[in-house]
Enquirer: 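Please find one structure pasted underneath; my questions will follow.
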Amino acid sequence: MSNVQLSIKNAVKEYRLGGLISGTTFRAVNEVSFELYEDKPEIFSIIGESGSGKTTLSRMILRLIKNDGGSIELNGEDLKKIRGRKREMAFMSRIQPIFQNPFETFNPLSRVDRYLIDTATHFFPGDRDPRERVSEALEAVGLTLEEIDKRYPHELSGGQLQRTSVARAIIPKPEILIADEPVSMIDASLRMSIVNLFSDLRDKLKTSIIYITHDLATAYYVSDRIAIMHRGIFVEQGNARAILEKPMHPYTNLLVNSALDPDPEARNFNYKPARFEGEEYTATGCLFASRCQEATEACFSQLPREFAISERIIRCHKFSGGDNGQSNN
Ligand SMILES: Nc1ncnc2c1ncn2[C@@H]1O[C@H](COP(=O)(O)OP(=O)(O)OP(=O)(O)O)[C@@H](O)[C@H]1O
Ligand code: SF4
Ligand SMILES: [Mg+2]
């Protein structure tokens, strides 16, 4: 039996759309559930179009915002109940972010080596020489302290700086890294090297990585499991290759057809384009119904529940076996 490390159950984040009086609320993250396991480090990718709730979910897992419903637990501890500096520090050492733009991770006026040494001192005060910890972290990402010594962020390339930001994140020896679009701001030629680095960290340091991306190609290459997110909902999750090679949910099918097929003629252009984000988020029934060619009457009135089928979890009436779903208005 695997040890649950991160447990997310029906997590919800609500935001307001429109003004205070005439506005309405919508769920930027809507009943999302998944688990990561201590004895099975893996790369879990969350894939979705812009505005699907990926960053909102990652911010809840990082405790930057609170979930409005459901629960998020790390090693059995509810994130909402973490209080006091000691427990907060312990949380931060277990789960670390890697951001999209490495140039924003570092202060342009501060030396990069100094920042890393300060990070080591912060997490391990009074411990052995912090330069040793920094060197170890840099080595794990294929760099040396000499390469970044006395350098400012602008004196490193985008690829080097993103590696350095990964090194910063692994200094506290986290169990989980959350990387939100970590390769979208760096040259295409360097993307695979960063993505390969994630596989290395999983295998050598036993770190699980939540990789958030628009990019199906790198996700296909590196992920163990994936979740496809649409308007706050995980519509399909399971083994990465199984899902991307044989999508079952109509939205996954749309993403895969429009991204992976090298032959433009073979791409499926029959789907209607996405509606205004807020309009889709506040629709009744399945939030993909207005674009789905397979929609039936039930799709416009009831939100499908999660169903386990072919070792994946899907939210679509096609696979509901007669279950009517749930109300969402
Ligand atoms: N603080 C906020 N207040 C109100 N709405 C918000 C807030 N943060 C995010 N949203 C809305 O929630 C939805 C999901 O946003 P989010 O940034 O999580 O999407 P995303 O999948 O990360 O998109 P992208 O791929 O563009 O980064 C969007 O409609 C966004 O406008
Ligand atoms: S629930 Fe209906 S509208 Fe939604 S994806 Fe499935 S078939 Fe399409
Ligand atoms: Mg985002």
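Both ligands and their constituent atoms are indexed starting at 1 by order of listing. Worth knowing before you read on, the calculation uses all heavy atoms, side chains too, and leaves out hydrogens, waters and symmetry mates.
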Enquirer: Could you identify the single nearest non-hydrogen protein atom to atom 5 (S) of ligand 2 and state the distance to 0.1 Å?
Expert: His249 CE1, 3.5 Å
Enquirer: Evaluate Thr55 for polar contact with ligand 1, using N/O atom pairs at a separation under 3.5 Å.
Expert: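 Yes, since at least one N or O of Thr55 sits under 3.5 Å from an N or O of ligand 1.
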Enquirer: Quick one: are Arg94 and Phe91 in side-chain contact, heavy atoms under 4.5 Å?
Expert: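 Arg94 does not reach Phe91 side chain to side chain.
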Enquirer: Tell me if the CZ atom of Arg128 is crowded by more than 12 foreign heavy atoms within 6.0 Å.
Expert: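 Above 12, so yes.
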Enquirer: Regarding Arg231 and the six-membered ring of Phe288, is the cationic atom NZ or CZ under 6.0 Å from the ring centre and inside 45° of its axis?
Expert: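 Because its charged atom misses either the 6.0 Å distance or the 45° angle limit, Arg231 does not stack over Phe288.
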Enquirer: Nearest to atom 26 (O) of ligand 1, what protein heavy atom do you find, and at what distance?
Expert: Ser50 OG, 2.5 Å
Enquirer: Look at atom 19 (O) of ligand 1 and say which protein heavy atom is nearest, naming residue and atom and giving the distance to 0.1 Å.
Expert: Gly53 N, 3.2 Å
Enquirer: Answer yes or no on whether Arg291 is positioned over the face of Tyr251, meaning its NZ or CZ is under 6.0 Å from the six-membered ring centre and within 45° of the axis.
Expert: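 Judged by the rule (NZ or CZ under 6.0 Å from the ring centre, within 45° of its axis), Arg291 is not positioned above Tyr251.
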Enquirer: Is there a donor-acceptor contact under 3.5 Å from the side chain of Asp78 to the main chain of Lys80?
Expert: yes
Enquirer: Tell me which protein heavy atom sits closest to atom 13 (C) of ligand 1, plus the residue, atom name and distance to 0.1 Å.
Expert: Tyr281 OH, 3.8 Å
Enquirer: Start with the C-alpha gap between Glu147 and Thr144, add the side-chain angles, then the distance that decides, and say whether side-chain hydrogen bond (donor to acceptor under 3.5 Å, both in side chains) holds.
Expert: CA-CA 5 Å; Glu147 281 173 274; Thr144 61; 3.1 Å; yes
Enquirer: For the side chain of Ser223 and the backbone of Ile226, is there at least one donor-acceptor N/O pair under 3.5 Å apart?
Expert: no
Enquirer: Look at the side chain of Arg191 and the backbone N and O of Ile186, then say whether any donor-acceptor pair between them is shorter than 3.5 Å.
Expert: yes
Enquirer: With only distance considered, is Phe26 within less than 3.5 Å of ligand 1 through an N or O on each side?
Expert: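 Phe26 vs ligand 1: no N/O contact under 3.5 Å.
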Enquirer: If we set the cut-off at 4.0 Å for heavy atoms, which region of Arg315 has an atom near ligand 2: side chain, backbone, both, or neither?
Expert: neither
Enquirer: Is the side chain of Ser52 donor-acceptor paired with the backbone N or O of Gly232 at a distance under 3.5 Å, no angle test?
Expert: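 No, the answer is negative, given that no donor and acceptor are paired below the 3.5 Å cut-off.
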Enquirer: Hey, is Gly48 one of the residues with a heavy atom under 4.0 angstrom from ligand 1?
Expert: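 In this structure, Gly48 fails to qualify as a contact of ligand 1 - no heavy atom is under 4.0 Å.
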Enquirer: Can you confirm if the NZ or CZ of Arg133 lies within 45° of the ring axis of Phe124 and under 6.0 Å from the centre of its six-membered ring?
Expert: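 Yes, Arg133 lies over the aromatic ring of Phe124.
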Enquirer: To which protein heavy atom is atom 15 (O) of ligand 1 closest, and what is the distance rounded to 0.1 Å?
Expert: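 For atom 15 (O) of ligand 1, the nearest protein heavy atom is Thr56 OG1, 3.8 Å.
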Enquirer: Look at ligand 1 and say whether His214 reaches it with a heavy atom at a distance under 4.0 Å.
Expert: yes
Enquirer: Check each atom of ligand 2 against the heavy atoms of Pro304 and keep those under 4.0 Å away; list them by number with element.
Expert: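 The list of qualifying atoms is 1 (S).
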Enquirer: Give yes or no for whether the N/O distance cutoff of 3.5 Å, strictly under, is met between Ser52 and ligand 1.
Expert: yes
Enquirer: With respect to atom 2 (Fe) of ligand 2, please indicate if Cys286 possesses an N, O or S atom at a distance under 2.8 Å.
Expert: no
Enquirer: Under 4.0 Å, heavy-atom basis, I'd like to know which part of Met229 is in contact with ligand 1: side chain, backbone, both or neither.
Expert: neither
Enquirer: Among all protein non-hydrogen atoms, which one is nearest to atom 21 (O) of ligand 1, and what is the separation to 0.1 Å?
Expert: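 Looking at atom 21 (O) of ligand 1, the protein heavy atom closest to it is Lys54 NZ, 2.8 Å.
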Enquirer: Among all protein non-hydrogen atoms, which one is nearest to atom 1 (S) of ligand 2, and what is the separation to 0.1 Å?
Expert: His317 N, 3.2 Å
Enquirer: Any N/O/S atom of Cys292 sitting less than 2.8 Å from atom 8 (Fe) of ligand 2, backbone or side chain?
Expert: yes
Enquirer: List the closest protein heavy-atom neighbour of atom 28 (C) of ligand 1: residue, atom name, distance to the nearest 0.1 Å.
Expert: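 Of the protein heavy atoms, Glu277 OE2, 3.0 Å lies nearest.
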Enquirer: Is there a path from Leu216 to Tyr221 through hydrophobic residues (I, L, V, M, F, W, Y) whose side chains come within less than 4.5 Å of each other?
Expert: no
Enquirer: For atom 3 (N) of ligand 1, grab the closest protein heavy atom and report residue, atom and distance to one decimal in Å.
Expert: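 Protein heavy atom with the smallest distance to atom 3 (N) of ligand 1: Tyr15 CD2, 3.5 Å.
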Enquirer: Is there a donor-acceptor contact under 3.5 Å from the side chain of His317 to the main chain of Gln302?
Expert: yes
Enquirer: What is the nearest protein non-hydrogen atom to atom 6 (Fe) of ligand 2, stated with its residue, atom name and distance?
Expert: Cys316 SG, 2.3 Å
Enquirer: Considering non-hydrogen atoms of the protein only, which is the closest contact for atom 23 (O) of ligand 1, and what is the distance?
Expert: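 It is Gly51 N, 2.8 Å.
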Enquirer: Could you tell me the separation between the CD1 atom of Ile233 and the SG atom of Cys316, rounded to the nearest 0.5 Å?
Expert: 11.5 Å
Enquirer: Looking at Cys299, which atoms of ligand 2 are within less than 4.0 Å of one of its heavy atoms?
Expert: 1 (S), 2 (Fe), 3 (S), 7 (S)
Enquirer: Under 3.5 Å between any N/O of Ala28 and any N/O of ligand 1: does that happen in this structure?
Expert: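 No - when backbone and side-chain N and O of Ala28 are compared with those of ligand 1, no distance drops under 3.5 Å.
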Enquirer: Apply the side chain to side chain contact (heavy atoms under 4.5 Å, CB included) test between Ile170 and each candidate in Leu138, Ile98, Leu201; give the one that qualifies.
Expert: Leu201
